[in-house]
Every structure is written in C-alpha cells, then in structure tokens.
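Have a look at the structure below, then the notes.
Positions are given from 1, in the same order as the sequence printed here.
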Amino acid sequence: MPGKLKVKIVAGRHLPVMDRASDLTDAFVEVKFGNTTFKTDVYLKSLNPQWNSEWFKFEVDDEDLQDEPLQITVLDHDTYSANDAIGKVYIDIDPLLYSEAATVISGWFPIYDTIHGIRGEINVVVKVDLFNDLNRFRQSSCGVKFFCTTSIPKCYRAVIIHGFVEELVVNEDPEYQWIDRIRTPRASNEARQRLISLMSGELQRKIGLKVLEMRGNAVVGYLQCFDLEGESGLVVRAIGTACTLDKLSSPAAFLPACNSPSKEMKEIPFNEDPNPNTHSSGPSTPLKNQTYSFSPSKSYSRQSSSSDTDLSLTPKTGMGSGSAGKEGGPFKALLRQQTQSALEQREFPFFTLTAFPPGFLVHVGGVVSARSVKLLDRIHNPDEPETRDAWWAEIRQEIKSHAKALGCHAVVGYSESTSICEEVCILSASGTAAVLNPRFLQDGTVEGCLEQRLEENLPAGCGFCHIPYDELNMPFPAHLTYCYNCRKQKVPDVLFTTIDLPMDAAVIGKGCLIQARLCRLKKKAQAEANATAISNLLPFMEYEVHTQLMNKLKLKGMNALFGLRIQISVGENMLMGLASATGVYLAALPTPGGIQIAGKTPNDGSYEQHISHMQKKINDTIAKNKELYEINPPEISEEIIGSPIPEPRQRSRLLRSQSESSDEVTELDLSHGKKDAFVLEIDDTDAMEDVHSLLTDVPPPSGFYSCNTEIMPGINNWTSEIQMFTSVRVIRLSSLNLTNQALNKNFNDLCENLLKSLYFKLRSMIPCCLCHVNFTVSLPEDELIQVTVTAVAITFDKNQALQTTKTHAEKSLQRASTDNEELLQFPLELCSDSLPSHPFPPAKAVTVEKASPVGEGNFRNRSSPPCANSTVGVVKMTPLSFIPGAKITKYLGIINMFFIRETTSLREEGGVSGFLHAFIAEVFAMVRAHVAALGGNAVVSYIMKQCVFMENPNKNQAQCLINVSGDAVVFVRESELEVVSTQQPAANCQPSCTGGEVTT
C-alpha cells in the first residue's frame, strides 16, 4: 500500500567555492528517491543559497520507504562542462514510519563528499503520509521499532520477550565490478555507500517481517554488521531479540512524588543498580503495578510447599555435598519443564540482551563460544545467501549444544562476529548459557508484588550464581562450594559471562577492566593450507587467552568476569586475540586463592631466589589490588548456623583455568604446593614471559576506574558530566625479526599506551570512570595493527562515595576550561560548527555543595543548575543506554549510518592520525545533525561497529569505512523535571543539552 513522501529544500550555507573566476558557486539540488528525481532551480553566485523550493512529492510503496534512503545531491551548475558534484546527504526515512515517532525530519544536514569530507550544510524538510494497510501478503514491516540498546529501553516495559531474529543479505561489491576500472573513486565510493544503505534497509524490513510473524512489535539489541568479502561479495547481516514492548504511561513519569531514591526502580522494567539496598527504601509510587518486581529466589526456589520442607531438612553436617543436587531436583525439574516448553518452538533460544527485567534470569551456566574457519572462494553461488546461512546455522547449533551440556536451555548476551583476510574468514559466536524464567516467554503479563521483593531481599543477590547443571554429571571437572550468601545451593569458584552484572548481584568492592592480549605468527600460505594453519592455531589461542584472563583475575583478587568479549582477528602472517571483560568480586562465590609459582628447572640458588622474588612481587600486587578496588570480604566464621559447608579452612581450590564452554576443558591437577593457590608452572622462557607480562599491567592512575560494562560495579553516585570519545591507533611493525614474544610485547604496549593516553587526556575529569570501554583490533594489511577504542568517561562524586573530608569543589570548578585543548589530539566530542561556548557549560561545576542527602549510597542526582543558562544545543552522544542525571522520555528511532572517506593527499592531511581524526569528527557531526533533525537531543547505545582502514603510503593514499549506529532519543534533565512538574505541563519543557541521567 503506498505512502506519500514530501521533501522541501530550504537553503544551503557555507558551500565550497566551485567557480574560481567569481569565487562563488552556482548551486542547485537533485532530490532522488527510488527512480524519481526532482531538481531545484539554480541559485546563482552564492555560497549561502536560499532555494525555498516547493514540496517535491514521491508516491511510493511502503517497502520502498523502508529500503531506500532519500538521496539529496548538491551540484554546481556549469554552462559548458559537466556539473560538478559538491556532495550528498542520505536521509533514512524509517524513523517517520513509527506510530508515535517523529512526524517530520527537518534541520541542517552536513553535505558530505567521500573525497573532501563535509562541504557546507543544507536545510531540508521531509514528511511522510502513510495509508493504513491490512494486506496479509504485504512485504513491509512498518511500525516495528528497532533499538541498539541491549536492555529493555528505558520508557518501555517488556510484555513478552519472543527470542532470536536474524537475517543476512548479499550483493556484489561495487569495488570489484568491471565498471570500477573506468569510473572515478568518488563514483565507486558512492555506489558502495548507497548499496550498503539499501541493503541495511532491506535487512531491517525483513527482520521486521519476522518479528510481526512472531507477533512482536520491536527488536531490542539490534546488531548489524557488514562483511567485505572482496571478490565473493558484500554481506550485510543482523541479529536481534524480538519483543513485545509496552510504552509506560508518561504522565506518571513526571510526578514529583517519584523523587524517592528508589523511584527509577519502579518505573523501569530493569535497572542497573549494583546496590541491592535500593529496593527497601523510598515510598512506593503509583507505578507499582506496572512492573514486575518479584524476587528470583521467591519464584523459583520455592515452587511447592514440599520443597520448602525439603530445604529446612537439609543435613547440618559438613557432608552435604550430594544433597544439594538432590534437593534441588523437584523445583529445578519443574522450572526446566516450563521453560523448555516455552523455548521449544524456537530454533535458537538466543537473546542478544545483556541486561534483563528483574527476575528474568534465574541461573547462569557460563560462557559458551564457537568458531569456524571458512574459505570464501568455495562458495558455490556467491550471489545467494544460502551458503553463508548454512555456515551460521552450524555455529549456532554448536552454541546451542554447549548450552545444553551446561544444563541450560537458553543463551543470553549473544553476539556474532567475523574476521576476514583475503579468502579466509573466521566466524565467531559467543554468549552465556542461562536458565530463564518462563513467565516472560509466554503470553500473559506478570503481576509482581513489591512487598514480596522486600522480604526476600537477602538471598536475591546470589540466585544467578547457583549452578544450573546437575552436580553428579557435570560437563567438566569443576570445584563447587556452597553459596557464600544463602548456603543452600552450590556455586562454582569462578564465573565467566558475556552479560552485564545483574542489578541485584551482591558485589564487594569495585570492578575493573581486565584484558588478555595475544599474538601468534603464522606462515603465509594459500587457500586450504592457510585455513588449516589457522584452525590448528585457534584452540591454543583460545586456551591461552582464557589462562591469561584467569591469572589476571586472580591477580586482581576477584572471582567473576562480566561483559567478556573475545575477538580473534586474522592477518596475512599473524593472528591476534584480544579479550576484554570487567572483573568483580561476587560475594556469593568463594574467595580466590593466591597465585603460586612452582619452578621445575635447575635448582641453583640464583634461580630459586629469582622465583621467590617473583612470588613476593605477585603477593604484593594481589594485596595492592585488593586495597585499590576495596575488596574486603567478611571473614566467615567456622560454625554458621545450619551451614552445610565443609570447614572453609580445609577447602582446597585447585588450578582451574576454566573457559566454561564444554569443548575447552582445561583442568590441571597440580595439587602439590599451597593448597588453595593457583599454581603457575615455570618450566621455560615462555612461561617466564607470561609471568612477567602479568606483572607489567599498569593499574590506572588514582581517581580513574575502567570497565567495559554499562555500569561500573561498586560506584553508584554518578554526576551528570559525561564525555564520549573514540580513538584509533594504527602501528606498523618492522618485519625484520618478529617473534611471538616481540609481537606480544608490541601489542601489549600498544593497548597499554592507548589506555595511558586516555587517562592523561581525561585527567581534568578526576574522579572519573571509563565505562563501556570497547576495544576492537584488526589487521588491515601486512604489518599493520589497528586498535580502535570507544568509551565514555563519567565523573562520580567521590565525597559521596568515600565520605572523605577533602572537598572536590575547587577541582570541579577548574575543569570547565581544560577540555578544549584536547580536541586537537583525538576525536573527543566535536561540535560541527565551531561554537565559541563550551559544549557542557553548567554541568562542569558539579555542585558538590548542593548534593542531596543520600540514603545508603543510593543513586541520587546531584542537583545541577536549572536550564535557564544552557543555550548550546549540542546533541549528547554516549555508548551507554542511559544518560546520567536525566530521564529519557522518547525514542525516535535507530540511527544506522555508513560512510566512506578516501584521500590522495594523506601526508598533507596530517598523516594517518590526522585523516582518521578528521573523518571520525565528521561522522560525529553527521550523526548529531540527523538526531537533531528528528527532534532528538541525544544518541544512546552509540557504537562504532566497524572502522576499516586501508592505506597505500607509497601513493600517498588512504581509505576508511566507518559504520556507526545508536538510538536517537529525547531526554529531560531530572533537575528540570522537578522545576517543570511544579510550574507547567512537561510538554513545554525545552530539553537542554547539558543533562545526563543517573539510573538507579
């Protein structure tokens, strides 16, 4: 059924000079949608033309509205020669197709050219009129909302979470077509940009259709990537989680009564508060009945009264090892049955979410992952998606069977990635095996009762740590103990997961970023031989990466990893592995033993001395880390009433480097030496290197913390000052005498230096935490290593946290001036048109004096000055799903943009770093312009999904492709909300750019 698209071209400004004679430009605009093109009049001799065209009307099918971008080309009119292109703007129409979204796109868009970058701006107004369509055979999926956020979006609640949706589309890559030899680089780049935006539109439409078939209305955790396969084509693929979402009624959201510390708890279907005390404070608000607040322990571990009596009859002796498995039997079986039936109709019970509504996650089994090496030139029919679909299906099947082996029926925090080098492609998938609550997977909303939640507050923090698998036939040898929190169920001694820390988890101390980095050389080889070499290397690399993670976790004195992301990139003569995760100390898991070094080699005195010196260094580091991250678990007394735990002193914790996927079992029974220590054998120089590299990791400077999850565990008093940045480093290796050790050292230094430079540039924001630190490593060419990092720095209120006497008010006042210098060094947030005032004026002086009284360290927004003096309209950008100190009131749609930039004067543009920096700054400007045109004032869940860089230094050329996405939103600062709610209806509030959001 058709829709009508209306476009008006208003004006242009700051256009480049195109006529050398007059130093002016004769500009006109072509507006193209599908196969229809309209032109405006030529506006002679002006760099700021005022076209004020009439409305151009396109009558089109709604599937075209979803697939095609609106293409606006600005040209310079030449009488005698061909018209010169100035640049283009692509506008995605999709956000206008939602029922409650924006009705018009209007604003100034940067005019972008793939060779020259941004060349001026153009003011455009776009409207869509849709006719209602009830056709059963329709091909469009208008109205399905897409969110990048990997949790239920803030102003919605999940009615049902349906499950996994995926799609993949293939096309020929324009760079590799015969015509490419005769067309200009600009034409070829534009063909590629247009093709990818067409393909991603088609992909979104197809996924939308699948969601409608499942009777859902939204896709959450939508992750789209493209694979440049070279000769065999260009693939765009996406995965997501289909949900049925319900908008929370907005009037209630503005009630001033909500200003209790626990207010967000009751209006958001899930929250990221690491502090379990929140639930017990604050008056209940009218929103109580809109959420599921029921405690995990209430709803599962006590499903029948008989199991209740079972629990009270547990043996009081230390020999309770078998009993937990048996007594867990009846209700575990019941739960499994229910959920099994809910998940059976799905091919893949996967969820791309990393944070969940309360009570959704019951138990976590551990990380499951699968990798596969494929040859692209073996695809029978490269233009069809069948072969690639089969490849992915095979990997997903493997993940599913790993999860089953762990006694779990679902995988959460699921993601997929590829790494391509010439004709070899590594496909990877990973996630966390889990047991879910069946109530969310079927129809029928949940009436949760808040009071129940409060009674059961204590054991709620440990339910997800309890093992889902049966103790008697475990998938791998593991060392189990009773839960340190509730003492009823068994827990493993280490937990690896790919999800965010559940909000009700009991954590001791703070978390920290833990990275394992690894390089392996491989011989250059062709096709089959190359693929074989890579697949032989992969398992060893995985094993080493996990061992490194395990050692570093012990060294930090922590016992669980969250947000684990392992990427393995393939290059012509090496493979690189980079694993990032956030380490935390979970109160429910046993205290980690230390690390002990055991030497096997010569018994000469100097060697022994060396070893004891290393041992001392390791012990000191562990002690220092415990102090730094404030890890001081309460000592457990021997006789806890009714505790079926064997005496803690006799527990032996053996070495278990455990990547919890069942195919990588790595149990080494080195039971000589200190019983509860983690033993490192040193028997050759390699092992020595490993120990050294463990100790060379530099802790962040004081006042800085970093993590790669949304919220830093253990810090919960954010101020509204946020600063997002993206930094790209490319280094060239000297290929003379590369060994594995030298490579590892190079790579380690590269990552460490990158982090150090970030700490240095952000020194004015102390005390601050880098959240959502997302490292991506790739090997674009021979001897090139490229590391990209995107993160957001959020300041927190140290006085509130540590109750120290020293005030930071002076410090925070000095901050305002310092950020400006940093714009030169790496893409911090840049404003497109150079505004003289600073992007965050009032929020700079974080008013410590005005801090409101805080109950048990709950999140309460530091009240920032009201918005009277904030006039700068910079769109905020953050990789988090929220903005500290503000409330998201509306989601306007997904931003999914793809840009190519090419240069033939690399040295003149400041070399690789100058070129990349300028390009990323332009990408930021274009994303901001699109969000502002939709009426939004922030982008949340921003992610740079790909940044592919290629250079040819001999010819002074370089090319870069960037793919970014995020959710455009409207937010209102909480301080404004309070003002507004007393004076006027919230609708008239002008949201300012300076706010941010504290989520409880």
Side-chain angles (χ1 to χ4, degrees), residues 274-275 461-462 465 479 481 484-485 491-496 501 505-516 548-563 581-597 612-637 648-649 651-653 655-657 673-680 691-709 711-716 755 759 767 769-770 796 798 801-804 857:
N275 185 350
C462 63
C465 308
H479 188 75
T481 47
Y484 273 43
N485 207 344
V491 293
D493 57 351
V494 185
L495 191 60
F496 282 22
L501 185 71
V507 173
I508 293 174
K510 294 187 169 63
C512 77
L513 182 70
I514 293 182
Q515 277 199 332
Q548 251 191 63
L549 282 173
M550 203 66 171
N551 291 347
K552 289 189 177 179
L553 190 64
K554 298 276 183 209
L555 203 61
K556 294 272 197 283
M558 298 175 181
N559 57 17
L561 287 181
F562 286 91
T582 300
V584 289
Y585 184 101
L586 286 180
L589 301 190
T591 317
I595 294 182
Q596 187 195 348
I597 295 180
S612 65
H613 173 66
M614 295 288 280
Q615 182 67 56
K616 183 174 177 310
K617 245 173 114 174
I618 284 183
N619 296 346
D620 292 351
T621 315
I622 293 180
K624 223 169 32 201
N625 282 330
K626 281 192 168 164
E627 198 178 313
L628 176 65
Y629 299 109
E630 300 159 29
I631 298 171
N632 40 5
E635 281 301 314
I636 294 183
S637 61
R649 299 288 167 268
R651 250 187 285 116
S652 64
R653 253 171 251 98
L655 158 64
R656 233 177 76 266
S657 156
K674 210 167 114 214
K675 268 296 186 197
D676 63 346
F678 190 86
V679 183
L680 283 185
V691 176
H692 275 302
S693 73
L694 258 188
L695 294 169
T696 51
D697 264 13
V698 192
S702 66
F704 274 107
Y705 292 95
S706 55
C707 67
N708 73 338
T709 46
I711 280 288
M712 175 72 178
I715 298 181
N716 48 12
L755 280 169
Y759 294 137
C769 174
L770 300 188
F796 60 93
K798 208 165 183 180
L802 304 176
Q803 304 293 313
T804 50

At what distance, to the nearest 0.5 angstrom, does [atom1] of [X] lie from [atom2] of [Y]?
X: Leu770; Y: Leu513; atom1: CG; atom2: CG; value: 8.5 Å
X: Ile508; Y: Met558; atom1: CD1; atom2: CE; value: 11.5 Å
X: Thr591; Y: Asn559; atom1: OG1; atom2: CG; value: 7.5 Å
X: Lys624; Y: Lys617; atom1: NZ; atom2: NZ; value: 9.5 Å
X: Ile711; Y: Phe562; atom1: CD1; atom2: CZ; value: 14.0 Å
X: Lys552; Y: Thr621; atom1: NZ; atom2: OG1; value: 12.5 Å

Looking at side-chain heavy atoms only, is the closest gap between [X] and [Y] below 4.5 Å?
X: Tyr759; Y: Ser706; value: yes
X: Cys465; Y: Leu589; value: yes
X: Tyr484; Y: Pro590; value: yes
X: Thr582; Y: Ile514; value: no
X: Val507; Y: Leu501; value: yes
X: Pro767; Y: Tyr705; value: no
X: Asp493; Y: Thr481; value: no
X: Val494; Y: Lys554; value: yes

Shortest non-hydrogen separation from [X] to [Y] and the atoms involved:
X: Cys769; Y: Ile715; value: CB-CD1, 4.3 Å
X: Gly583; Y: Leu553; value: CA-CD1, 4.1 Å
X: Ala588; Y: Val491; value: O-CG2, 3.6 Å
X: Tyr585; Y: Gly557; value: CD1-O, 3.4 Å
X: Gln548; Y: Ala516; value: OE1-CA, 3.3 Å
X: Gly563; Y: Asn708; value: O-ND2, 2.9 Å

Met550 vs Phe496, side-chain contact (heavy atoms from CB on, under 4.5 Å): CA-CA, chis, key distance, verdict: CA-CA 10 Å; Met550 203 66 171; Phe496 282 22; 3.6 Å; yes
Go through Leu555 and Ile622 one step at a time and tell me if the side-chain contact (heavy atoms from CB on, under 4.5 Å) criterion holds. CA-CA 5 Å; Leu555 203 61; Ile622 293 180; 4.0 Å; yes
